[in-house]
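Because the structure is a prediction, the values reported are computed rather than measured. Note: hydrogens, waters and symmetry copies are ignored here, and every other heavy atom, side chains too, is used.
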Amino acid sequence: MPITTRTSIIRNSPGRYETVEVELDDPRRGEVTVKLAASGLCHSDDHVATGDVPVGVYPYAGGHEGAGVVTAVGPDTPGYEVGDHVVFSFLPACGKCEFCARGLSNLCDLGASLLTGARADDPSSFRMHLDGQPVGQQCGISTFSEHTTASVDSVVKIDKSIPLRSAALVGCGVPTGWGSAVRSADIQPGDVAIVMGIGGIGVNALQGAAHAGAKTIIAVDPVADKETWAKQFGATHFCTTVDEAAEHARSITNGQGADATIVTTGVLRGEQIGEALASIRKAGTVVVIGLGDITAVGAPIALGDLTLMQKRLQGSLFGESNPRRDIPNLLRMYQAGQLKLDELVTRTYTLDQVAEAYDDMHAGRNLRGVIVFD
């Protein structure tokens, strides 16, 4: 029988999050129900609320970065048991499709269902209902919820000694930012890197660039007060414009520019990609990981610069991370003191404060807000 649980939804878009009580399905085969301990407040859920990212059905339950404890396991679902501690991966990984077989599980075919709000194997089937009507689940998991039911393709078991509030952050923001530097940008020891946008993704791109051995890491954000945060997570320099950052990069590279520029701005605009491309050296790399209006088309880039300087423009989803490999690995780095997680949490909120948390994010008061459940 379905249970009831409180979850934060948007009724339409644009809209603001509000907390309601919904009916939640018991887990089916290949599914688990999880009691959430914590959920990160990622900018992507705000993109859903503003309408930059359209979804398949409203109401829509937000949240895609969380951790908790398994409370129920569906029939014929080996490998999971009540009491397991898990982190949600906002990108499911089936392990069977062509892209999983290629080692690109961040591009798993199941990702096609992420914004439908429905079960991946049945677009007419929803795990949540409000007043008898379907409620969509963000990325099939909806972690802005006291309890949620999800496919085991979207959960990763973790060591029970790891604090769940910290572990929640490796479901999206940390591997996305860290991987954008280490994998997508392929930063090497001694490199010069620029990170545009110092929010929940950008600070982890700084961590990744530092981990990869970059000599100079230039953080860029129009909010000057973020300099202290940026330097805490690995930045060696801070600028309020990308032009200023590019000039500094050229001043220490014989006029060449940065080896890599990572674009993690909160609301991506085409002109930012053009600015980033102008900031890198010959054969340098621009990694685009931010989101804005996903239907927008066009970026003013210098075509001759792209071709004649052999520059690379690289999109990056989840930092090219493999959830089943990288979530445990990043948590081991955290346990070893090699990765900052606790320091990312600027403020904690209750489930009823999701809209307030996004107001704080827009005002530049947060690196990462986190919902903490009782």
- Message: Would Arg6 and Glu146 count as a salt bridge (Lys or Arg N to Asp or Glu O under 4.0 Å) here? Give the steps.
- Response: CA-CA 6 Å; Arg6 297 173 73 245; Glu146 292 175 339; 3.3 Å; yes
Inspect the surroundings of CG in Asn254 and state if more than 12 heavy atoms from other residues, nucleotides or ligands are less than 6.0 Å away. no
Is a donor from one side chain sitting under 3.5 angstrom from an acceptor on the other, for Gln138 and Asp45? yes
Joining Ile, Leu, Val, Met, Phe, Trp and Tyr whenever any side-chain heavy atoms lie under 4.5 Å apart, the cluster holding Val57 also takes in Phe126
Here the gap from Leu24 atom CG to Thr5 atom OG1, rounded to the nearest 0.5 Å, amounts to 6.5 Å
**Study point:** Residues Ser316 and Ser180: side-chain donor-acceptor under 3.5 angstrom
**Key:** no
**Message:** Distance alone, cut at 3.5 Å: any donor-acceptor contact between the side chains of Asn366 and Tyr349?
**Reply:** yes
same_hphob_cluster(Val354, Val370) at 4.5 Å side-chain heavy-atom cutoff = no
Scan side-chain atoms only and decide if Asp191 and Gln188 contain a donor-acceptor pair under the 3.5 Å cut-off. no
Salt bridge (Lys or Arg N to Asp or Glu O under 4.0 Å) filter on Arg325, not counting sequence neighbours, yields none
Requested in this report: For the pair Glu81 and Lys157, evaluate salt bridge (Lys or Arg N to Asp or Glu O under 4.0 Å) and give the outcome as yes or no after the intermediate values.
Outcome: CA-CA 10 Å; Glu81 60 184 29; Lys157 288 199 296 187; over 6 Å; no
In terms of heavy-atom contacts, Ala49 and Ile10 come closest through CA-CD1, 3.8 Å
Original post:
With distance as the sole test, does Thr285 use its side chain to make a donor-acceptor pair with the main-chain N or O of Arg312 at under 3.5 Å?
Top reply: no
Output for pair (Asp25 CG, His129 NE2), nearest 0.5 Å, gives 6.5 Å
Nearest heavy-atom contact between Ser161 and Gln335 is OG-NE2, 3.5 Å
Next item on the list: For Asp122, look at atom CG and say whether over 12 heavy atoms of other residues, nucleotides or ligands are found less than 6.0 Å away.
Entry: yes
Separation between OG1 (Thr348) and CD (Gln353), nearest 0.5 Å, reads 8.0 Å
Q | Cationic N near anionic O, under 4.0 Å, Arg183 to Asp326 | A | yes
Neighbour count >12 (heavy atoms, 6.0 Å) for atom CZ, Arg165:
no
Practice problem: State, without any angle test, whether Gln272 and Thr265 hold a side-chain donor-acceptor pair at a distance under 3.5 Å. | Solution: yes
So SG of Cys42 and CZ of Phe144: to nearest 0.5 Å the spacing works out to 8.0 Å
Do His85 and Asp159 get their side chains close enough for a donor-acceptor pair, meaning under 3.5 Å? no
*Could you check Asp153 against Lys96 for salt bridge (Lys or Arg N to Asp or Glu O under 4.0 Å), going step by step and ending with a plain yes or no?*
CA-CA 11 Å; Asp153 293 327; Lys96 303 172 186 176; over 6 Å; no
Which word best sums up how the rings of His237 and His248 line up, parallel for under 30°, tilted for 30 to 60°, or perpendicular for over 60°?
tilted
- Message: If hydrophobic clusters are built from ILVMFWY residues whose side chains come within less than 4.5 Å, do Val182 and Leu206 share one?
- Response: yes
* With under 30° as parallel and over 60° as perpendicular, where do the rings of Phe90 and Phe318 fit, or are they tilted in between? -> perpendicular
Verify salt bridge (Lys or Arg N to Asp or Glu O under 4.0 Å) between Arg16 and Asp359, making sure each step is shown before the conclusion.
-> CA-CA 10 Å; Arg16 284 174 67 82; Asp359 290 340; 3.2 Å; yes
- Message: Taking Phe238 as the starting point, is it possible to reach Val223 by hopping between hydrophobic residues whose side chains are less than 4.5 Å apart?
- Response: no
Check whether Ser145 reaches the backbone of Thr7 with its side chain - one donor and one acceptor, N or O, closer than 3.5 Å.
no
